[in-house]
Amino acid sequence: MRHSHKQCDLTSDINDSWKPAVLDRGPFNMPRQNSNLTLPVPPGFSLQAAVCSYGYFILAPNRWDPGTRTFTRPLQGRRGRSVQVTISQPRYDRRRLKLTCDKRLDAPERAAIKAQVRRMLRVDEDFTGWFKMHPIARRKKFGRLFCSPTLFEDIVKTITGCNVTWSNTVRMNQLLCDKVGRGAFPTPAQLAAIAPAKLKASCKVGYRAERIIRLARDVQAGRLDLAWFEKPLLPADEAYQALLKIYGLGPFAAANICQLLGHYDRIAIDTETYRHFCTTFGVKRPKDPSKLHPRIEKHYTQYAPYQFLAYWFELWCGYETANGKPAPQWLPHEAGDFTATKLQ
DNA sequence: GGTAGACCTGGACGC
DNA sequence: GCGTCCAGGTCTACC
């Protein structure tokens with residue numbers, strides 16, 4: 001569990017600076033200003049392994065550039081303004097990430113941007129136990145599953161991933177950013193202000209519109225406190241049961257959000273899990289695949305409390321094999337063709 | 001508690 | 001080009 005683990009002390013804040021940018025002089029040929037930040041990371045940390053480890057890195061507004069091995073996306077700055085951040089890991093100093101922001105930031109804003117990056121890349125989580133248990137995963141630096149800068153975005157992304165093909169999930173997230181978030185991922189306030197019918201029509205989210213907007217309005221009105229789910233030491237089961245009470249989240253979605261919160265002792269079982277389990281372990285797929293749940297759960301008990309990481313490692317390696325190259329080299333259009341419906 | 005149907009979209013397929 | 005069917009997870013009504 002993320003919050004029960006020993007947290008790494010990576011709070012030092014050195015070398016942050018702002019300087020006149022030469023990247024963009026703007027329409028009036030006036031120099032703009034940006035901020036360059038540094039973020040300390042633990043030994044052995046790999047940016048590309050942390051980013052290219054879970055499908056959400058492909059979803060808008062996230063952008064991984066395989067050529068430059070940099071990650072870019074807008075994050076929330078002060079008073080909700082959008083700050084475009086590019087993250088790289090310099091070869092000369094693997095212990096720090098370089099964050100290039102397109103705006104000049106003050107101290108609180110720098111801290112906010114860093115906190116979002118730390119969440120996305122799970123910089124503060126301690127994976128010692130997992131790496132000890134799984135040497136192959138340790139060699140591949142696999143464990144930090146990519147997630148979103150906010151739990152709200154993680155939940156919406158999970159909803160858009162349910163009951164739909166992956167290519168459709170990609171489209172929904174792109175439209176949410178383009179039509180609602182002005183290029184960034186929509187905030188609860190932005191989504192709360194839209195009528196479900198309008199969201200359905202503009203972002204092609206179908207019946208999910210009501211679920212997404214009800215979530216946004218509950219968060220916006222303070223009826224749902226998402227910070228509660230990120231409390232240190234919150235038991236995984238308590239988080240799971242509370243997630244199930246959110247309208248639109250069932251067992252799969254709640255279990256998936258649990259792993260995004262750093263609780264790995266529960267597997268989010270969907271049709272992809274059935275496919276993987278049956279093909280990998282030579283199990284005949286029953287007419288009612290939900291009968292496989294106890295077998296799947298029992299099989300991964302050997303990896304407790306990291307069941308989901310062990311399962312996802314197998315699945316992710318399978319995707320890389322199917323795609324003929326490691327995830328950091330995938331292009332966005334290449335990542336949508338190897339889920340359950342395509343691989344069976 | 002268990003089950004069936006509806007929800008929505010894009011893609012595959014048959015004509 | 002058009003119509004039909006299917007996949008996907010959750011909710012709700014019904015038994």
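Only this structure's heavy atoms are used, side chains among them; waters, hydrogens and symmetry mates stay out. Protein chains get the first letters and strands the later ones, always in sequence-line order, with residue 1 at the start of each.
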_Distance in angstrom units between A:Glu272 CD and C:dG8 P, rounded_ = 9 Å

Would you mind writing out the side-chain donor-acceptor pairs for residues 82-91 of chain A within the sub-3.5 Å range, not counting sequence neighbours?
from: A:Thr86; atom 1: OG1; to: A:Thr72; atom 2: OG1; distance (Å): 3.1
from: A:Gln89; atom 1: OE1; to: A:Leu47; atom 2: N; distance (Å): 2.9
from: A:Gln89; atom 1: OE1; to: A:Arg94; atom 2: NH2; distance (Å): 3.3
from: A:Gln89; atom 1: NE2; to: A:Phe45; atom 2: O; distance (Å): 2.9
from: A:Gln89; atom 1: NE2; to: A:Arg94; atom 2: O; distance (Å): 2.9

*asked:* What contact category does A:Ala209 fall into here, base, sugar-phosphate, or nothing, at under 4.0 angstrom with non-hydrogen atoms?
replied: nothing

_If you compare every side-chain N and O of A:Thr271 against the phosphate oxygens of C:dG9 (OP1, OP2), does one of them come in below 4.0 Å?_
yes

_Where at least one partner belongs to residues 201-215 of chain A, residue pairs that pass salt bridge (Lys or Arg N to Asp or Glu O under 4.0 Å), sequence neighbours excluded_ = A:Glu210-A:Arg214

*The side chain of A:Pro251 lies closest to which of these nucleotides: B:dG10, C:dT10, C:dG8?*
C:dT10

Quick test: give all pairs of protein nitrogen or oxygen and nucleotides 12-15 of chain C nitrogen or oxygen below 3.5 Å, distance rounded to 0.1 Å.
none

*With a non-hydrogen cut-off below 4.0 angstrom, is A:Leu249 in contact with a base, only sugar-phosphate, or nothing?*
sugar-phosphate

*Minimum-distance nucleotide to A:Arg171 side chain [options: B:dC8, B:dG10, C:dG8]*: B:dG10

_Among residues at least two apart in sequence or on other chains, which ones pass side chain to side chain donor-acceptor pair (under 3.5 Å) with A:Asp225?_
none

_Nearest-angstrom distance from the residue atom CG of A:Leu175 to C1' of B:dC8_ = 14 Å

*Write down the distance between NZ (A:Lys157) and P (C:dG8), rounded to a whole number of angstrom.*
22 Å

*Quick one: salt bridge (Lys or Arg N to Asp or Glu O under 4.0 Å) pairs with a partner in residues 71-86 of chain A, sequence neighbours left out?*
A:Arg73-A:Glu153, A:Arg78-A:Asp106, A:Arg78-A:Glu109, A:Arg81-A:Glu109

*Nearest-Å distance, CG (A:Asn173) to C1' (B:dG10)?*
16 Å

*Between A:Ile155 (CD1) and C:dG9 (C1'), how many Å, whole number?*
16 Å

*asked:* Quick check for you: among C:dG9, B:dC8, B:dG10, whose closest atom lies nearest to any side-chain atom of A:Lys200?
replied: B:dC8

*Out of B:dT9, C:dG9, C:dG8, which has the shortest distance to the side chain of A:Lys204?*
B:dT9

*Kindly write out the residues that satisfy side-chain contact (heavy atoms from CB on, under 4.5 Å) with A:Ala242, not counting sequence neighbours, or none if the list is empty.*
A:Trp228, A:Phe229

*asked:* Run the side chain to side chain donor-acceptor pair (under 3.5 Å) test against A:Tyr56 and tell me which residues pass, sequence neighbours left out.
replied: A:Thr158, A:Asn256

_Inter-axis angle, terminal five-pair segments of the helix from B:dG1-C:dC15 to B:dC15-C:dG1 [nearest 10°]_ = 40°

_Residue pairs fulfilling salt bridge (Lys or Arg N to Asp or Glu O under 4.0 Å) with at least one residue in residues 291-304 of chain A, sequence neighbours excluded_ = A:Asp288-A:Lys291

*How are the rings of A:His134 and A:Tyr303 set relative to one another: parallel (under 30°), tilted (30 to 60°) or perpendicular (over 60°)?*
parallel

*Spell out, as yes or no, whether a donor-acceptor pair under 3.5 Å connects the side chain of A:Lys179 to the backbone of A:Gln174.*
no

